[in-house]
Amino acid sequence: MSQSTPTRRGADFYILAAFFGLFVLFLYGPMLMIFILSFQGPTGGLTFPMRGVSTHWFHDLWTSSRYGDLSGAFRRSLILGIMAMLITATVCLFAALGFRRRFWGAGPIFYLSIISLIVPGILLGLGISQLFQILGLRLSWWLSGLGAHLSWTLPFGLLIMFAVLNRFDSSWEEAARDAGARPWQVLRLVTVPILFPGLIAVALFGFTLSYDEMPRSLLTVGGKNTLPIEISNMTTNVTTPALYAIGTVTSAVSFLVIALAFAGIAVIQRQRSRAKRGKN
């Protein structure tokens, strides 16, 4: 019985592997340094070598008053991210479904909906703040700030949903209608479950873009800052590893959101497989 000889890898493979390794190092190296330096000892500084290992700076973030309203800013950014996530996922789903059929003015409406992507965020925030001033409304993080964030998250979510719907087979919906399903049942039992992974992607974009947004927040959140603004203020007067600690915390929140999204997709897929086995 002949054995196949293993194929030898050429020099191009090792060159591409080295290039990819350098790319990964360039991409994640700074983040890894932040993670490590955030565990400096109580007398540690902003650079290597580390002076001990501890969680002192994480505790100092939430107990010390010298960093400003950091816990409040973190809470506001988290709430803003969740609101932007829910609104972006819902609006983009129905907007993308509406664009499946051609209607009068579809082209101008589409370009108007994504034009905010090319407008500088600081200018858009200035426009929103001036509009609220003209209307006599008070700037607040949950109203004007949310509107500014949605001008950033909705266009991205809409483009993602367009890409997802390009691969959507409408014959599944037609089969459900032929079986007697009502429009709401078709949406709830057929369309949304099939598009659910795409909705997760839109929701993730909505949360992360809002949670990390600063230019559109500077002039629209009023007197109570969000986390990116608070971190920017910290960089001007804080020279401790607390900066690295807040970076580690925000990265952990982002990874947690991604993990929850994957867990939700896994649950949906498990339920689908169980339903298929039950039918068989």
Side-chain angles (χ1 to χ4, degrees), residues 1-40 45-50 53 81 84-85 88-89 92 96 110 114-121 152-169 194-216 227-228 231-232 235 241 243-270 272-273:
M1 185 175 181
S2 61
Q3 295 181 351
S4 59
T5 58
T7 58
R8 298 186 62 181
R9 293 168 175 168
D12 55 345
F13 171 81
Y14 295 101
I15 293 174
L16 291 175
F19 177 79
F20 178 74
L22 290 174
F23 171 75
V24 172
L25 181 63
F26 174 80
L27 192 64
Y28 294 102
M31 186 183 300
L32 181 61
M33 292 299 100
I34 289 176
F35 293 164
I36 295 174
L37 289 172
S38 64
F39 291 96
Q40 282 267 24
L46 294 173
T47 59
F48 289 102
M50 295 179 63
V53 179
M85 175 184 69
T88 300
C92 291
F110 168 74
I114 65 172
I115 198 172
S116 63
L117 292 178
I118 61 175
V119 177
W152 183 234
T153 62
L154 286 175
F156 273 107
L158 189 60
L159 292 175
I160 294 173
M161 285 307 304
F162 282 161
V164 172
L165 282 172
N166 278 337
R167 303 175 60 184
F168 182 78
D169 190 355
I194 295 174
L195 297 178
F196 187 75
L199 282 175
I200 291 294
V202 171
L204 284 176
F205 261 95
F207 178 84
T208 54
L209 291 176
S210 173
Y211 182 75
D212 193 43
E213 179 58 27
M214 181 177 173
R216 288 170 172 79
L227 188 60
I231 293 175
S232 177
T235 59
L243 288 172
Y244 299 140
I246 189 62
T248 302
V249 171
T250 54
S251 298
V253 171
S254 300
F255 287 135
L256 177 62
V257 172
I258 294 173
L260 291 176
F262 279 113
I265 293 176
V267 170
I268 294 296
Q269 290 178 343
R270 192 178 299 113
R272 288 179 181 177
S273 61

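Small disclaimer: the values here were computed from a predicted structure and weren't measured. Scope of the values below: all heavy atoms of this structure, side chains included, with no hydrogens, waters or symmetry mates.
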N/O donor-acceptor pair under 3.5 Å between Ser210 side chain and Gly206 backbone: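 Not at all, since once roles are kept as given, no pair shorter than 3.5 Å links the two residues.
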
Looking at [X] and [Y], what are the two nearest heavy atoms and their distance?
| X | Y | result |
| --- | --- | --- |
| Ala89 | Val202 | CA-CG1, 3.9 Å |
| Gly247 | Thr250 | O-OG1, 2.9 Å |
| Leu154 | Cys92 | O-SG, 3.5 Å |
| Val119 | Arg216 | O-NH2, 3.5 Å |
| Leu37 | Pro241 | O-CB, 3.8 Å |
| Phe162 | Ala96 | CE2-CA, 3.8 Å |

Residue pair Met33, Phe35: steps toward the side chain to side chain contact (heavy atoms under 4.5 Å, CB included) verdict: CA-CA 5 Å; Met33 292 299 100; Phe35 293 164; over 6 Å; no

If you round to the nearest 0.5 Å, how far is [atom2] of [Y] from [atom1] of [X]?
| X | Y | atom1 | atom2 | answer |
| --- | --- | --- | --- | --- |
| Leu209 | Thr88 | CG | OG1 | 8.5 Å |
| Ile231 | Asp212 | CD1 | CG | 8.0 Å |
| Phe26 | Leu22 | CZ | CG | 11.0 Å |
| Ile258 | Phe207 | CD1 | CZ | 10.0 Å |
| Ile194 | Phe168 | CD1 | CZ | 4.5 Å |
| Ile246 | Ile34 | CD1 | CD1 | 11.5 Å |

Leu16/Phe20 under side chain to side chain contact (heavy atoms under 4.5 Å, CB included): CA gap, chis, key distance, verdict: CA-CA 6 Å; Leu16 291 175; Phe20 178 74; over 6 Å; no

CZ/Phe262: more than 12 non-hydrogen atoms of other groups inside 6.0 Å: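 Check fails, neighbour count at 12 or below.
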
Flag side-chain contact, heavy atom, 4.5 Å: Met161 against Leu199: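 In short, these two side chains touch, coming nearer than 4.5 Å.
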
Side chain to side chain contact (heavy atoms under 4.5 Å, CB included) partners of Met214, counting only residues at least two apart: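 Once residues adjacent in sequence are excluded, the partners of Met214 under the side chain to side chain contact (heavy atoms under 4.5 Å, CB included) criterion are Leu218, Pro228, Ile229, Ser232.
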
Side chain to side chain contact (heavy atoms under 4.5 Å, CB included) between Trp152 and Leu117, worked out: CA-CA 6 Å; Trp152 183 234; Leu117 292 178; 3.9 Å; yes

